Amino acid sequence: MDPLKQKFSEKATALRSEIKAMLKEHGDKRFDEVTLKQIYGGARGIKSMVWETSQLDALEGIRFRGYSIPQLREQLPKGPDGKEPRPEGLFWLMLVGEVPTDEEVQWVTEQWASRSEVPEHTFKALDALPVDTHPMTQFTVAIASMQSESEFARRYDEGISKNDYWDPTYEDTMNLVARLPRVAAYIYRRTFHNGDHIAPDKSLDWSGNFAHMLGKDSADFQNLMRLYLTIHADHEGGNASAHTTHLVGSTLSDAYLSLSAGMNALAGPLHGLANQEVIKWIFNMLESLGTQRPTKEQIAKYVEDTLASGQVIPGYGHAVLRKPDPRFMAQKRFAEEYIKGDDVVEVVWKIFDVVPPILQSLGKVKNPWPNVDAHSGALLVHYGLKEYSYYTVLFGVSRALGVLAALCWSRALGFPLERPKSVTTEWVKAQL
Ligand code: HAX
């Protein structure tokens with residue numbers, strides 16, 4: 001058994017018996033009461049799922065196994081120039097709860113390189129789609145098409161014991177994560193570069209190779225990818241892409257089908273697609289104002305007009321967070337270090353000054369602060385990745401790390417089919 005799988009198996013076996021004992025002794029303990037507002041309001045805040053890989057705090061933001069984003073940047077093994085963390089390390093941390101050594105991270109990089117061959121029929125499936133198919137649609141099709149390779153599906157078909165579900169789920173996870181950069185880069189090059197594909201360079205780390213296959217070989221862009229793919233990886237279990245992956249996975253759909261479903265949720269504009277909407281909104285603003293350097297007064301007027309037309313300000317607000325998103329702040333820090341003075345970045349920072357008081361003044365927006373999507377586009381535009389309909393695919397490659405690590409845990413802990421209760425308004429009225 002490989003060293004990561006071995007470690008995971010030991011930790012999961014121990015936790016599984018701990019949970020069993022806890023449920024036996026405290027199974028009827030109450031944590032929350034559900035309000036009518038929550039029933040009608042998208043189940044906000046209802047605790048109904050266990051997600052071991054990360055936890056979100058409204059004020060502090062995301063912690064991955066207890067580590068904040070600034071701590072991850074310091075403590076996770078980094079890329080070759082020692083500047084940004086490697087997402088391989090975050091995957092290890094999420095899966096087994098320990099910060100890996102340089103050697104362990106290198107092992108993950110090599111494992112993923114060795115598992116990265118994408119089946120030929122996936123490229124054919126992509127090539128069969130019109131070239132202007134939205135990149136997220138291409139991405140979910142490609143992921144679903146690789147399901148023919150699922151170890152879990154094969155072993156379930158043969159008749160696998162419940163106790164072993166986690167094993168082929170781990171194998172599917174490792175294979176799938178290994179292949180995503182190749183698939184995602186293929187989508188980018190076929191959609192925006194006339195199908196002029198770039199062969200992988202297996203000597204690079206996971207993010208470096210992804211940057212290379214996109215056609216961007218600068219050391220700074222590789223560092224941006226390392227940071228980007230680290231900070232977007234997980235945001236506890238209740239967000240739409242994570243929850244969808246979890247729900248579909250709970251039916252014992254394999255990792256390919258579960259992730260493909262999760263990516264369909266990420267493709268919504270209130271969730272991951274907001275990263276494309278932000279830069280589209282900024283470009284439209286600059287065009288309508290006729291300047292690359294708008295004043296704060298001009299931006300404020302544009303924000304008011306957007307709200308007056310009944311639209312949301314993309315990149316602002318959050319269902320859980322009540323402070324500026326630390327993932328936004330991590331990207332701001334990156335911009336300050338690498339590309340200070342960039343025009344679009346300056347616009348993003350001015351928007352950060354202008355939007356919160358305006359949203360606050362509406363009196364209904366619970367979080368007026370920027371989320372992760374408010375900054376990412378400006379960084380990508382700086383490095384020449386301007387095709388914003390592609391941005392959510394980058395998010396998806398990263399999000400796979402968290403939701404698949406969590407799927408491994410769900411299988412190892414024997415979590416059951418998810419099945420919350422729905423009610424009718426008739427039923428509600430009868431209770432009042
Ligand atoms: N602009 C304008 N109005 C906003 C707003 C924004 N950015 N954020 C919230 N509101 C409005 C809501 O539309 C809602 O209005 P109504 O009562 O008229 O329907 C009201 O404020 C209360 O909403 P809320 O409770 O503060 O927010 P929700 O938990 O319902 O929704 C959203 C959270 C992220 C969906 C929301 O803030 C939004 O639409 N933001 C813009 C889109 C966006 O940036 N999405 C990405 C979020 C992060 C993420 O998942 N990334 O992948």
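Not measured: the values here are computed from a predicted model. In listed order, ligands and their atoms are each counted from 1. All residue numbers refer to positions in the sequence shown, counting from 1.
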Indicate the ring-plane relationship of [X] and [Y], choosing parallel, tilted or perpendicular according to the 30° and 60° boundaries.
X    : Y    : value
W369 : F352 : perpendicular
H232 : Y228 : parallel
H318 : H235 : perpendicular

message = Counting only heavy atoms, tell me which of V278, D373, V365 gets closest to atom 10 (N) of ligand 1.
response = V365
message = Just to be sure I'm reading this right: ignoring hydrogens, which of R327, H235, K364, R44 gets closest to atom 14 (C) of ligand 1? Compare them by their nearest heavy atoms.
response = K364
query = Is atom 41 (C) of ligand 1 close to the protein, meaning a heavy atom under 4.0 Å from it?
reply = yes
ask   = Any non-hydrogen protein atom below 4.0 Å of atom 27 (O) of ligand 1?
value = no
message = side-chain contact (heavy atoms from CB on, under 4.5 Å) for E98 and E104? Distances and angles first, verdict last.
response = CA-CA 11 Å; E98 293 171 12; E104 286 166 335; 5.6 Å; no
query = Of all the heavy atoms in E277, does at least one lie under 4.0 Å from an atom in ligand 1?
reply = no
key: Proximity flag N239 to ligand 1, non-hydrogen atoms under 4.0 Å   = no
query = Do V372 and ligand 1 have an N or O pair less than 3.5 Å apart?
reply = no
query = Where on L362 is there a heavy atom closer than 4.0 Å to ligand 1, on the side chain, on the backbone, on both, or on neither?
reply = neither
task = Tell me which part of N371 gets within contact of ligand 1: side chain, backbone, both or neither, using heavy atoms under 4.0 Å.
result = side chain
request  = Answer with yes or no whether the side chains of W51 and H246 bring together a donor and an acceptor at under 3.5 Å.
outcome  = no
query = What protein heavy atom is closest to atom 37 (O) of ligand 1, reported as residue, atom name and distance in Å?
reply = G317 CA, 3.3 Å
message = Taking L257's backbone N and O only, do any of them form a donor-acceptor pair with S260's side chain (distance below 3.5 Å, no angle check)?
response = no
message = In this structure, is the centre-to-centre distance between the rings of F152 and Y256 below 6.0 Å?
response = no
